[in-house]
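Here the structure is laid out as structure tokens; the discussion comes afterwards.
All values below come from the heavy atoms of this structure, side chains included, with hydrogens, waters and symmetry mates left out.
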Amino acid sequence: KLKAQNIDVIPVMKASENENIDGNNYIVDYSKKEHLKTTLEEIVYQSKGQKFKIIYTVLGHEGQLEVMDPQYNMDYTVLKGLFYLIQAIDELKMNNLIKVKIITKNTQKIGENEAINVSQAPIWGLAKVIAHEYSEIFDGIIDIDEFCLNGEFTLLMNEMISNEVEEVCLRQDKNRYINRLIQHKEYMSNPQHPLDSITISSEGEYLITGATGAVGMSYAQYIVNSGARKILFMCRNYPNDSVMAQMKGCKNRTAFGRCM
């Protein structure tokens with residue numbers, strides 16, 4: 001459908017090996033960064049150094065975007081593949097040549113009756129990291145439903161070729177949903193979006209990321225004061241003395257509090 005719009009397309013499909021099939025179609029093992037590097041170098045050579053966009057999708061049987069049952073074990077190959085792809089682009093110093101736009105299916109809940117595709121949810125988390133740390137590569141992320149894939153493909157195609165960097169959800173109602181921050185008082189004034197109360201359980205286990213930051217520690221103290229007794233702190237940097245003292249204060253009031 002993209003080719004019908006006179007857009008040059010080079011399909012790259014997931015496989016257990018790395019090969020240029022017929023000069024314009026590739027198979028690649030996503031789990032091997034070197035395979036991704038080789039494929040990128042060949043495509044850049046083939047395109048004579050022109051800028052291009054990678055549309056990173058999760059393909060399943062018969063070209064359908066794959067939705068795994070949340071009860072099944074997650075397949076992290078696609079997540080690892082996206083991670084290696086960004087690393088490969090950066091290591092090859094192709095940041096100014098290549099943009100990456102990501103497509104997922106039903107990872108965001110728009111309607112009340114929509115089921116969330118848990119298996120692809122981590123891709124949105126990684127996409128947020130890419131947007132912050134590799135903003136020159138990141139070209140946005142799109143979440144679609146079955147209708148956008150097999151029904152009104154024009155909606156998806158327009159987003160794919162757009163250079164607007166957004167977190168977008170496309171749905172059967174043909175609307176385009178975008179994340180936006182609003183003021184708390186504005187949220188509370190809308191009767192259709194009541195603020196759900198947050199319940200902290202003493203039986204629950206709580207993982208706090210970015211725990212060495214001011215927000216992470218403030219939230220840790222909040223949930224401890226609210227009754228939390230099992231907390232796992234996760235942070236990139238080793239806590240300084242001040243943060244460590246606050247963590248120890250939390251640990252003294254919990255059944256366990258570990259730092260990773």
Who pairs with [X] by side-chain contact (heavy atoms from CB on, under 4.5 Å), at least two apart in sequence or on another chain?
| X | value |
| --- | --- |
| Asn20 | Tyr26, Glu42 |
| Lys109 | Glu114, Ile116 |
| Asp241 | none |
| Ile21 | Met13, Asn25, Ile27 |

Quiz item: For Cys148, does its backbone N or O pair with a side-chain atom of Arg171 as donor and acceptor, under 3.5 Å?
Solution: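 Pair absent, no side-chain N/O of Arg171 close to backbone of Cys148.
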Quiz item: Taking it one step at a time, do Lys128 and Glu167 satisfy salt bridge (Lys or Arg N to Asp or Glu O under 4.0 Å)?
Solution: CA-CA 9 Å; Lys128 290 181 180 293; Glu167 297 177 0; 3.0 Å; yes
Just verifying a value: how many Å separate [X] [atom1] and [Y] [atom2], rounded to the nearest 0.5 Å?
| X | Y | atom1 | atom2 | answer |
| --- | --- | --- | --- | --- |
| Glu34 | Lys37 | CD | NZ | 4.5 Å |
| Ile54 | Ile137 | CD1 | CD1 | 9.0 Å |
| Ser242 | Met217 | OG | CE | 8.5 Å |

Please list, chain by chain and in numerical order, all residues satisfying salt bridge (Lys or Arg N to Asp or Glu O under 4.0 Å) with [X], sequence neighbours excluded.
| X | value |
| --- | --- |
| Glu164 | Arg176 |
| Lys53 | Asp139 |
| Glu136 | none |
| Lys32 | Asp29 |

Self-check item: By side chain to side chain donor-acceptor pair (under 3.5 Å) - contacts of Glu166 (at least two apart)
Solution: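 So Glu166 forms a side chain to side chain donor-acceptor pair (under 3.5 Å) with Arg180.
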Self-check item: side chain to side chain donor-acceptor pair (under 3.5 Å) involving Thr39 - partner list, sequence neighbours excluded
Solution: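 Once residues adjacent in sequence are excluded, the partners of Thr39 under the side chain to side chain donor-acceptor pair (under 3.5 Å) criterion are Asn18.
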Quiz item: Does atom CG of Asn96 have more than 12 heavy-atom neighbours, drawn from other residues, nucleotides or ligands, at distances under 6.0 Å?
Solution: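 12 or below, so no.
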Self-check item: Within 6.0 angstrom of Asp8 CG, more than 12 heavy atoms from elsewhere
Solution: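 Not more than 12 within 6.0 Å, no.
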Quiz item: Are Leu156 and Ile103 close enough that some pair of their side-chain heavy atoms sits under 4.5 Å apart?
Solution: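 In contact.
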Quiz prompt | Cluster companions of Tyr177 among Ile, Leu, Val, Met, Phe, Trp, Tyr (side-chain spacing under 4.5 Å) | solution =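 So far as hydrophobic clustering goes, Tyr177 is joined with Ile110.
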Exercise. Can you spot which of Asn106, Leu170, Asn117 makes a side chain to side chain contact (heavy atoms under 4.5 Å, CB included) with Asp145?
Key: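 Testing Asp145 for a side chain to side chain contact (heavy atoms under 4.5 Å, CB included) against Asn106, Leu170, Asn117 leaves exactly one candidate, Asn106.
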Would you tabulate the side-chain donor-acceptor contacts of residues 78-88 under 3.5 Å, counting partners in other chains and residues two or more places apart, or write 'none'?
from  : atom 1 : to    : atom 2 : distance (Å)
Gln87 : OE1    : Lys33 : NZ     : 3.0

